[in-house]
There are 2 protein chains.
Amino acid sequence: MTVDGRLARGERTRTAVLDAAVSLASANGLDGLSLGHLADSLGVSKSGLFAHWRSKEALQLATIDRAVAQWQELIIGPALRAPRGVRRIHALHEARIAFYATRVLPGGCFFATTEFEFKGRPGAVRDRLVAAFADWTALLERLVREAVELGELPAEVDVALLAYEIDSSGIAAAMRSRLFDPETTYRHARRGVLDRLRALCPDPHLLPEGPS
Amino acid sequence: MTVDGRLARGERTRTAVLDAAVSLASANGLDGLSLGHLADSLGVSKSGLFAHWRSKEALQLATIDRAVAQWQELIIGPALRAPRGVRRIHALHEARIAFYATRVLPGGCFFATTEFEFKGRPGAVRDRLVAAFADWTALLERLVREAVELGELPAEVDVALLAYEIDSSGIAAAMRSRLFDPETTYRHARRGVLDRLRALCPDPHLLPEGPS
DNA sequence: TAAATAAGACCGACCGGTCGTATTTATTTA
DNA sequence: TAAATAAATACGACCGGTCGGTCTTATTTA
């Protein structure tokens, strides 16, 4: 950013490149991302990319950061406008599934694809992905803990376990929606978490009966 | 197999190659599987592989079949020795998580890795993976249905949804166990499904209280 | 003997990455 | 204001390396 708020010269270009990289990597992974294809899809030359990032790994790291920003903007941000407690947990899960359903990313979920890809490959890319995943898990656990503190979930609830189960449903949705019927998959992912929250929440009016 | 039960000449070689391929692909995927590395890890030449499979895709398809056979032998087979009903469902899930924990496959789960890899790539490999996944889902749903018919699960249970939730837990375990602390991940995967089955099952003595 | 299997040299395609150069843009100077 | 300058950006050509795959030849086995 420059002082007057306009984007610096190459900033728009960089963002456009990273958006395309997130999209391609959501389908083929960060290692499966070909710089030649990426450049072609943008109508620029491959060597031009190296004016902005010194190596493929640097571009991969920037792509992860961009995906995190998108996730924050399109999923976490809107969900945090819901009231604290179980409704906020539900809103976050719904926003996630809805995002998958938009097909903005052809691969469904950038993080699921890339984290599976790099789970066994040590290095800076894996470290960055793990950090992003840890942040996401911490957010989920924080929302669950808040709901417990508000009395909207029983005090005996295993916070980390419930967060694991909610996230599991989303991970499976990212995968199964691209292999089987997407609508059925999304219905399972939404119904399962909603039923679980409703079963745990003493107040039956806080959450809708059916997936919204 | 020949008539006298001994392996045909190259059968042992082929099986050894496919076992190594399953192991490597569990970590790096079927596309990330390098025929050169595969051959080197077995002390054979790369071109020798083409005497057994006409192309990389043919070897990939055979690798999937081998992984299915391993899954049947090491997970499904033993689990089917448990009594019908919720105990069999539980045994299947436990066997799956236990298999991940053995670290027989460095990547954790061949199917999770490869299905994520090929979810957006049409072709024979994807079709075979989808078929294997569909079989697995059908098995899970059949076991759930049996438990309902035995009265060990309520008749109102959504069979496909419960199967989805159980499988989700396993998929997430395959991924998270290679990114975070494996023991915590396995505990969540086992505890979550066990609690869920116990909550649904009217007979509290059919399932153990804690993860076995 | 005949077929299956193995090996190694080799091929074209694609990969990430470098280099020299042309062009654009922002800043400074006349 | 206009010209000059310096920096950022973009490009095509090219490099070494790895990939899947082919070919010829040698060895093993029924």
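So that the names make sense, note that chain A is the first sequence line, chain B the second, and so on, each numbered from 1. Note: hydrogens, waters and symmetry copies are ignored here, and every other heavy atom, side chains too, is used. Keep in mind the model is a prediction, meaning the values are calculated, not measured.
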Is there, by distance only and without an angle test, a donor paired with an acceptor across the side chain of A:Ser47 and the base of D:dG12 below 3.5 Å? yes

In whole angstroms, the gap separating C1' of D:dG20 from CZ of B:Arg54 amounts to 16 Å

I need the CG-C1' distance between A:Leu38 and C:dC14, as an integer number of Å. 16 Å

State the pairing partner of C:dT29; accept Watson-Crick or G-U wobble contacts with both distances under 3.5 Å, and report none otherwise. D:dA2

What is the distance, to the nearest angstrom, from the CG atom on A:Leu35 to the C1' atom on D:dA10? 16 Å

Examine the base of C:dG17 for any acceptor or donor lying under 3.5 Å from a partner atom in the side chain of A:Lys56, and report the outcome as yes or no. no

Pairwise distance NE2(B:His93) to CZ(B:Arg196) - rounded to 0.5 angstrom: 12.5 Å

Which heavy atom of B:Tyr100 sits nearest a heavy atom of B:Gly170, and at what distance? CE1-O, 3.5 Å

Show which side-chain atoms of residues 131-145 of chain A pair as donor or acceptor with protein atoms under 3.5 Å away, not counting sequence neighbours.
| unit_1 | atom_1 | unit_2 | atom_2 | d |
| --- | --- | --- | --- | --- |
| A:Trp136 | NE1 | A:Asp167 | OD1 | 2.9 |
| A:Thr137 | OG1 | A:Phe133 | O | 3.1 |
| A:Thr137 | OG1 | B:Arg176 | NH2 | 2.9 |

Please give, in whole Å, the distance from D:dT9 P to A:Trp53 CH2? 10 Å

Between D:dT18 atom P and B:Asn28 atom CG, what is the distance in whole Å? 16 Å

Once you apply a heavy-atom cut-off of 4.0 Å, does A:Leu49 come out as touching a base, just sugar-phosphate, or nothing? nothing

Determine whether more than 12 heavy atoms belonging to other residues, nucleotides or ligands lie under 6.0 Å from atom CZ of A:Arg121. yes

Tell whether A:Lys46 reaches the base of C:dG16 with its side chain through a donor-acceptor pair below 3.5 angstrom. yes

Separation of C:dT25 P from A:Glu11 CD (nearest whole Å): 17 Å

Nucleotide C:dA7, atom P - distance to CG of B:Asp40 in whole Å: 11 Å

Is the phosphate of C:dA4, meaning OP1 or OP2, less than 4.0 Å from a side-chain N or O of B:His52? no

Do the side-chain N and O atoms of A:Gln70 and A:Asp19 include a donor-acceptor pair separated by under 3.5 angstrom? yes

With a 3.5 Å limit on both atom pairs, tell me what D:dA10 is paired to, counting Watson-Crick and G-U wobble, or say none. C:dT21

Nearest-nucleotide wise, let me know which of A:Phe50 and A:Ser34 is further upstream toward the 5' end of DNA chain C. A:Ser34

Rounded to whole Å, the CG-P distance (A:Leu33 to C:dG17) equals 11 Å

